[in-house]
Every structure is written in C-alpha cells, then in structure tokens.
Amino acid sequence: HAAMAKLAGALMNAAEATSDLDALDEAVDLFQALVDERGTAADQANLAVVLLARFEELARDDDLEKSLAAAREGVYLSATGDPFLAARLSNLGSALRTAFERNGDEAILDEAIRVGREAVRLSQPDDIDVARRLTNLATSLSTRFGRRHHRPDIDASIDLGRLAVSAGPATGHAGRVGNLASALQT
C-alpha cells in the first residue's frame, strides 16, 4: 500500500506540473483504490485533492461532488490532534468555495469560511503551509464580499492576505501578493 500511495502522489505531482490528464486519471484511480482498501483519513484527503484538480481541468460535476465527499470524510476520520487536520480542513474549504462558484449556494461559501477559519486556527505559526491556509480563507472571504458587500469580509480578507504574504515561503509568494492586491482593489 505504501508503494501505491507513493506512486499516486508522484502521479498527482506530475499532473500538476505538466497538466498531464492521463497521470491525473491514474492518480485518481490509485487513490480511489487506496480508499476502497484502507479508507484512512489521508487516503480520503488525497483522493479529494486529485478529484478537485481533475474537476478544475475537466469541469465534471461528479468529480466535484466526489471531491467534497472525500474531503469531508478525510476531516471526519482525522483523530483529535492529527497534525494534518488543518491541511484537510483547508482543502475542504477550497473544494467548498469551488462548489459555491459552480452553484452559487451561499450556505456552501459560509461553510468554506467556517472550515477555513478552523484550519487557520489549528495551524502552527511555523507550519510551511500556513500561508496557503491564510490565502484560502482570504479568498473565500473576498468571494463572499463580492456577493454580499459586507465590509468586514473584505477587511478580514486583506488582513489575512497580508499575513499570508509575510508568513509564506518564497514559493507562491507572487500569487499571494497578487491575491492581496486583488483584495485591496475592491
């Protein structure tokens, strides 16, 4: 199983780097097999990520629905104190925001913000992915501001964007600065 998980992870990384849909399909199949065999929180979370990536490439609604279900199950299966729970919550928040963008259901966007806040709360300040979680939450708040024009949402989005810019590693810095600039323009 460990070899299958490593192969699936490598295929997922290759698909992200090269937009190789065959590699993405194979990663989905392997992570689904791991879920079917073991069904751990990590397996569910990984399946959710690759399904969301495939949805973003192909816009197949069933991939988004399955991604949400797997992300929720990954969070549900996470033990109290699980060091990966913050990442799983943040990924669930991203999938929920994507679902909102697809169907416009504001309750889903509110849930994305709730789980995003929990992901940030559970993150350690020195966590390498804290900037990504801050950015995910900031993006959800900015999205909700665009819908409801509630000033505290954009203010919080800007504050979180500033934190993300200062907290993150060099990788992804330009994207975080771009997100902050976008929020500041609203």
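Just so you know, residue 1 is the first one in the sequence shown, and it goes up from there.
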Using the rule that Ile, Leu, Val, Met, Phe, Trp and Tyr join whenever any side-chain heavy atoms are under 4.5 Å apart, tell me whether [X] and [Y] fall into a single cluster.
X	Y	answer
Val49	Leu96	no
Leu85	Leu77	no
Met4	Val28	yes
Val115	Leu109	yes
Leu64	Val50	no

Would you compute the distance between atom [atom1] of [X] and atom [atom2] of [Y] and round it to the nearest 0.5 angstrom?
X	Y	atom1	atom2	answer
Ile108	Phe100	CD1	CZ	9.0 Å
Leu11	Asp29	CG	CG	10.0 Å
Glu65	Arg102	CD	CZ	10.0 Å
Leu68	Phe55	CG	CZ	9.5 Å
Ser140	Leu137	OG	CG	6.5 Å
Tyr76	Gln44	OH	CD	12.0 Å

Are the side chains of [Y] and [X] in contact, using a 4.5 Å heavy-atom criterion?
X	Y	result
Asp159	Arg162	yes
Arg133	Asp127	yes
Val35	Gln32	yes
Leu58	Leu21	yes

So which atom in [X] and which in [Y] form the shortest heavy-atom distance, rounded to 0.1 Å?
X	Y	answer
Ala138	Leu160	CB-CB, 3.8 Å
Ala27	Ala8	CB-O, 3.7 Å
Ala71	Leu92	CB-CD1, 3.8 Å

Please say which of Arg117, Arg97, Arg72 ends up in a salt bridge (charged side-chain N to carboxylate O under 4.0 Å, His left out) with Glu111.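 Of Arg117, Arg97, Arg72, salt bridge (charged side-chain N to carboxylate O under 4.0 Å, His left out) with Glu111 is met by Arg72 alone.
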Taking [Y]'s backbone N and O only, do any of them form a donor-acceptor pair with [X]'s side chain (distance below 3.5 Å, no angle check)?
X	Y	value
Thr143	Thr139	yes
Thr135	Ala131	yes
Arg144	Ile154	no
Asp129	Arg132	no
Asp82	Ser78	no

Could you walk me through whether Asp20 and Leu24 satisfy the side chain to side chain contact (heavy atoms under 4.5 Å, CB included) test, starting with their C-alpha distance in whole Å, then the side-chain angles of each, then the deciding distance to 0.1 Å, before giving a yes or no? CA-CA 6 Å; Asp20 181 346; Leu24 190 56; over 6 Å; no
Using side chain to side chain contact (heavy atoms under 4.5 Å, CB included) as the criterion, point out the one residue from Leu47, Asn91, Leu51, Asp62 that pairs with Ser67.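 Result: among Leu47, Asn91, Leu51, Asp62, Leu51 is the only option passing the side chain to side chain contact (heavy atoms under 4.5 Å, CB included) with Ser67.
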Do you see a donor-acceptor pair shorter than 3.5 Å between the side chains of Asp43 and Thr40?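 Note: Asp43 and Thr40 side chains meet the donor-acceptor criterion.
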State plainly whether the residues [X] and [Y] are in salt-bridge range, i.e. N to O under 4.0 Å.
X	Y	value
Glu106	Arg148	yes
Arg151	Asp155	yes
Arg121	Glu118	yes
Lys66	Asp63	no

Do His150 and Asp153 pass the side chain to side chain contact (heavy atoms under 4.5 Å, CB included) test, and can you show the C-alpha distance, the side-chain angles, and the key distance before you say yes or no? CA-CA 6 Å; His150 186 62; Asp153 284 341; 3.9 Å; yes
Test Thr98 against Glu56 for side chain to side chain contact (heavy atoms under 4.5 Å, CB included), laying out the working first. CA-CA 9 Å; Thr98 300; Glu56 290 169 351; 4.2 Å; yes
